[in-house]
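Step one of this worksheet: look at the structure below.
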2 protein chains.
Amino acid sequence: MANAKNDYPELLLENQLCFPLYACSKEIIRRYRPFLGELELTYTQYLVMLVLWERQSLSSKELGQALYLDSGTLTPVLKKLEEKGLLSRRRSGDDERNLIVSISEAGEELKHRAAHVPQSLASCVKLDADEARELYRLLYKFLGSL
Amino acid sequence: MANAKNDYPELLLENQLCFPLYACSKEIIRRYRPFLGELELTYTQYLVMLVLWERQSLSSKELGQALYLDSGTLTPVLKKLEEKGLLSRRRSGDDERNLIVSISEAGEELKHRAAHVPQSLASCVKLDADEARELYRLLYKFLGSL
DNA sequence: GATAATTCAATTGTGCGCAATTGGATTTTG
DNA sequence: CAAAATCCAATTGCGCACAATTGAATTATC
């Protein structure tokens, strides 16, 4: 039998760029879990709140574009956040197809309790500032190129 | 009301390192889908096969360590790959707790059909070789630091 | 060598993530 | 303006991903 290590080197796990992306993404989300647990948010719910803390009100479609999520994922997440009282959902008057998502008072309050999360996470990561910036730049370049 | 853009700049989506990681990971997996669909593999199943093409036989635990996956995820994936005839599952004689996963003939055959996948994917990505290498290095450094 | 602690895969339950479809609203076209 | 095409959220179905638990096998401790 041919040496399995060498017949298709491009198929070695260590030669994939996708795998460390996938693994890093999962591991970083795992690190968020304890901090987000205190806020009773999942990671996806946290991403939605990040957008709402910034924009206050926007359509479901815009939210999906910002987060790379489709309605199949967003619809149940938004319903759950509405049940928690963190946002409201209503149809647009201009165009009944559009769902307008707006942050609530309780949602705004939560922002203060979430303010420490990014710093808490940063302390888990052992990249210096230059490397973090370069990683950030390359990830966005990569994302833009896809 | 305070300017929502400025009261907690660390909570801006664009200031998160986690988000482009999460988005890149999902987008790259999306790009794999059509190619893996031809092989009737999901992305997770593909990762398992990458390891088996390299190692031929290893325990479920070792597989989980290589891919950062636990038994709750791996057990059903391995059963499905066994149903497809791509691998076999048996208990270790040494230690009945361990499940030994071994690639089958059909699994080895599939490797030839998968050989073009990495190149097909690379052509979707508009990073030059130096940048891809640097991204790879930073991701593994990041992963190691977590 | 009995018992306690540990190590496994498997199971259960929850929450995405997404392709595909549905059905209502709106826009485009003839 | 009526029919067709498009656009939207919602739904459905499937496959992870993972925390927590279970139960069997093994190892460590007394």
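Letters go in sequence order (proteins before strands), and every chain restarts at 1.
For C/dG15, neither phosphate oxygen OP1 nor OP2 lies less than 4.0 angstrom from any side-chain nitrogen or oxygen of A/T42. Checking the phosphate oxygens (OP1, OP2) of D/dA10, a side-chain nitrogen or oxygen of A/R91 falls inside 4.0 Å. A sub-4.0 Å separation between OP1 or OP2 of C/dA19 and a side-chain N or O of B/R33 is present. For A/S59 and D/dC8, the shortest distance from a side-chain N or O to OP1 or OP2 is not below 4.0 Å. Listed pair A/R30 / D/dA19 meets the phosphate criterion, a side-chain N or O lying under 4.0 Å from OP1 or OP2.
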Given ring pair (Phe, Tyr, Trp, His ring centres under 6.0 Å), test B/Y22 with A/Y43 step by step and report yes or no.
CA-CA 10 Å; B/Y22 163 85; A/Y43 182 72; 5.4 Å; yes
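Position along DNA chain D of the nearest nucleotide to B/D95 versus B/K80 favours B/K80 as the more 5'-ward residue. Between A/D70 and A/Q45, the residue anchored nearer the 5' end of DNA chain C, judged by the nucleotide with its closest heavy atom, is A/Q45.
Comparing D/dA10, D/dC16, C/dG17 by their closest approach to the side chain of A/T44 singles out C/dG17. Of the candidate nucleotides D/dA19, D/dT11, C/dT11, C/dT11 has the atom nearest to the side chain of B/K79. With distances taken from any side-chain atom of A/Y22 to the nucleotides D/dA9, D/dA17, D/dT6, the minimum falls on D/dA17. For B/R97, whose side chain is taken as the heavy atoms from C-beta onward, the closest listed nucleotide among C/dA25, C/dG15, C/dT6 is C/dT6. In this structure, the nucleotide among D/dA17, C/dC16, D/dC8 sitting nearest to the side chain of A/K61 is D/dC8.
B/L99 has its CG atom 13 Å from the P atom of C/dC8, to the nearest Å. Atom CG of B/L78 is separated from atom P of D/dG15 by 15 Å (rounded to the nearest Å). Between B/R31 atom CZ and C/dA19 atom P there is a gap of 11 Å when expressed in whole angstrom units. In this structure, B/Y32 atom OH and C/dG17 atom C1' are separated by 18 Å, rounded to whole Å. One interatomic measurement links the two molecules: OH of B/Y46 to P of D/dC16, which rounds to 15 Å at whole-angstrom precision. As a whole-Å value, the separation of B/L69 CG from C/dA9 P is 13 Å. Atom-to-atom, CG of B/L47 to C1' of D/dA17 comes out at 13 Å; the value is rounded to the nearest Å. Between the CD1 atom of B/I28 and the C1' atom of C/dG17 there is a distance of 17 Å, rounded to whole Å.
Hydrophobic clustering of Ile, Leu, Val, Met, Phe, Trp and Tyr side chains at less than 4.5 Å, counting indirect connections, unites B/L17 with B/Y140.
A/Y8 has its side chain out of reach of B/W53: every pair of non-hydrogen atoms, C-beta onward, lies at least 4.5 Å apart.
For A/S71 against D/dA10, a side-chain-to-base donor-acceptor contact under 3.5 Å is present.
A salt bridge links A/K141 to B/E131: at least one charged side-chain nitrogen sits closer than 4.0 Å to a carboxylate oxygen. No salt bridge links A/K111 with A/E108; every basic N to acidic carboxylate O contact stays at or beyond 4.0 Å. In this structure, A/E82 does not pair ionically with A/K79, as no charged nitrogen and carboxylate oxygen lie closer than 4.0 Å.
Residue B/T73 is classed as a base contact, given a heavy-atom separation below 4.0 Å to a base.
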